[in-house]
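One structure below.
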Number of protein chains: 2
Amino acid sequence: MDNNLNAFFAALSDPTRRAVIERLTQGPAPVSELHGGHDMALPSFLKHLGKLEAAGLVRSEKTGRVRTVHLEAAPLAAAEHWLHRQHRLWERRLDRLTALAETLEKESDHARFQDPDA
Amino acid sequence: MDNNLNAFFAALSDPTRRAVIERLTQGPAPVSELHGGHDMALPSFLKHLGKLEAAGLVRSEKTGRVRTVHLEAAPLAAAEHWLHRQHRLWERRLDRLTALAETLEKESDHARFQDPDA
DNA sequence: CTGTTACTTATCCATATGGATAACAATCTG
DNA sequence: CAGATTGTTATCCATATGGATAAGTAACAG
């Protein structure tokens, strides 16, 4: 699960591949359609699809001479989950810091009240 | 905002860098502490920190001879947001398909009712 | 002011990545 | 069957990436 994050994030670090993912949220599509609009030779484009599939973000089946590609939901959810977790831990920590700061501020007020000319 | 996603995801595609992020959710740390535990020469490790900082995931300040590194929340949130959006679009599409399937099923039942031996 | 600590900078190296072209294979279509 | 479609495989190439070592700078500590 953790090892996959390497391939997941690497796959998403390329704009061509993110565009493919975005397109696929509209539904499955054959390779040639996905390729259309990307200014790039087909074999080069196929390597991108290969990485997406290797990362498990996408799956494909071939029928006749057409290969149809579709999104795979689970990995998106997994990566999202990792990010969310880190984000949450970080925000929680900020909250604790804020709370601490407020505590210190109150104590500081109190001290000033007891010893105004400090 | 979109251009940053390249660097964001690329930064997260390496386990050393993800480990740094995870460590930093516990709070800021000096370079040497972050480096400890990673079996890697300091300059190599510094390149990882450099990428994290270039991606905006992390910031650092130097005081005396110590550089302290801390997490930057916003980019995590941005990447998380992109993933969430794609995930949502994809799930919404699955829902539409499910609905369509159910509709077809009902129509099919209806047809069978009118023409039971089909 | 000498030594130690904590980075920094400069190179170097092997492999990975993103791109291209050329040639091949396997369907359809007429 | 002949030809066009739709991928696929095999190379090749330039640059990026992840690692290393060596040497340098900038604070402290004594």
Side-chain angles (χ1 to χ4, degrees), chain A residues 2-24 27-71 75 79, chain B residues 2-24 27-71 75 79:
Chain A
D2 187 59
N3 186 18
N4 279 345
L5 282 178
N6 286 10
F8 289 172
F9 285 127
L12 291 176
S13 73
D14 181 284
T16 299
R17 293 191 294 256
R18 281 199 307 278
V20 169
I21 295 291
E22 289 184 10
R23 163 64 187 79
L24 288 178
V31 166
S32 50
E33 189 198 315
L34 291 174
H35 175 221
H38 293 277
D39 187 17
M40 180 184 302
L42 218 214
S44 309
F45 184 75
L46 280 186
K47 291 213 277 187
H48 286 297
L49 288 185
K51 295 215 167 171
L52 286 174
E53 194 151 12
L57 281 162
V58 129
R59 213 180 298 175
S60 71
E61 294 91 31
K62 194 165 183 177
T63 325
R65 47 184 174 167
V66 172
R67 176 174 296 279
T68 302
V69 186
H70 62 90
L71 255 198
Chain B
D2 186 60
N3 188 17
N4 279 344
L5 283 178
N6 285 10
F8 288 172
F9 285 127
L12 292 177
S13 73
D14 182 283
T16 299
R17 292 191 295 256
R18 282 199 307 278
V20 169
I21 295 289
E22 290 184 10
R23 163 63 187 78
L24 288 177
V31 167
S32 48
E33 189 199 314
L34 291 173
H35 175 222
H38 292 277
D39 186 18
M40 181 184 302
L42 219 214
S44 309
F45 184 75
L46 279 185
K47 290 212 278 187
H48 287 295
L49 287 185
K51 295 214 165 169
L52 286 173
E53 193 149 14
L57 281 162
V58 128
R59 213 180 297 176
S60 70
E61 293 91 30
K62 194 165 182 177
T63 323
R65 49 184 172 166
V66 172
R67 177 173 294 279
T68 302
V69 186
H70 61 91
L71 255 196

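Reminder, nothing fancy here: chain letters follow the sequence lines and each chain counts from 1. Being a predicted model, the structure only gives us computed values, none of them experimental.
Note: B/Leu52 CG to B/Leu71 CG = 9.0 Å, rounded to the nearest 0.5 Å.
An OP1 or OP2 oxygen of D/dT8 is reached within less than 4.0 angstrom by a side-chain nitrogen or oxygen of A/Lys62. Contact annotation: A/Ser32 reaches the phosphate of D/dG7 (side-chain N/O to OP1 or OP2, under 4.0 Å).
Side-chain proximity of A/Val31 to C/dT8, D/dT21, D/dG7: nearest is D/dG7.
Under the side chain to side chain contact (heavy atoms under 4.5 Å, CB included) criterion, A/Pro28 pairs with A/Thr68, A/His70, B/Arg93, not counting sequence neighbours.
Spacing between atom NE2 of B/His48 and atom P of D/dA16 amounts to 18 Å, rounded to whole angstrom units. The interatomic distance linking A/His38 (NE2) with C/dG18 (C1') rounds to 14 Å, in whole Å. If you take CZ of B/Arg65 and P of C/dT4, they are 12 Å apart, rounded to a whole angstrom. If you measure from atom CG of A/Leu49 to atom P of D/dT9, you get 13 Å, rounded to the nearest angstrom. One can place CG of A/Leu42 at 14 Å from P of D/dT5, the figure rounded to the nearest angstrom. Between the CZ atom of B/Arg67 and the P atom of D/dC28 there is a distance of 14 Å, rounded to whole Å. Counting to the nearest Å, the C1' atom of D/dT21 and the CE atom of B/Met40 are 15 Å from each other. Note: NZ (B/Lys47) to P (D/dA16) measures 13 Å, nearest angstrom.
Judged by closest nucleotide on DNA chain C, B/Val66 is the one of B/Val66 and A/Phe45 placed further toward the 5' end.
A pairwise comparison of heavy atoms in A/Gly56 and A/Pro75 identifies O-CG, 3.0 Å as the closest pair.
For residues 45-63 of chain B, every residue pair satisfying the salt bridge (Lys or Arg N to Asp or Glu O under 4.0 Å) rule, not counting sequence neighbours, is listed here: B/Arg59-B/Glu72.
For B/Ser44 and D/dA20, a side-chain-to-base donor-acceptor distance below 3.5 Å is present, hydrogens and geometry of angles not being considered.
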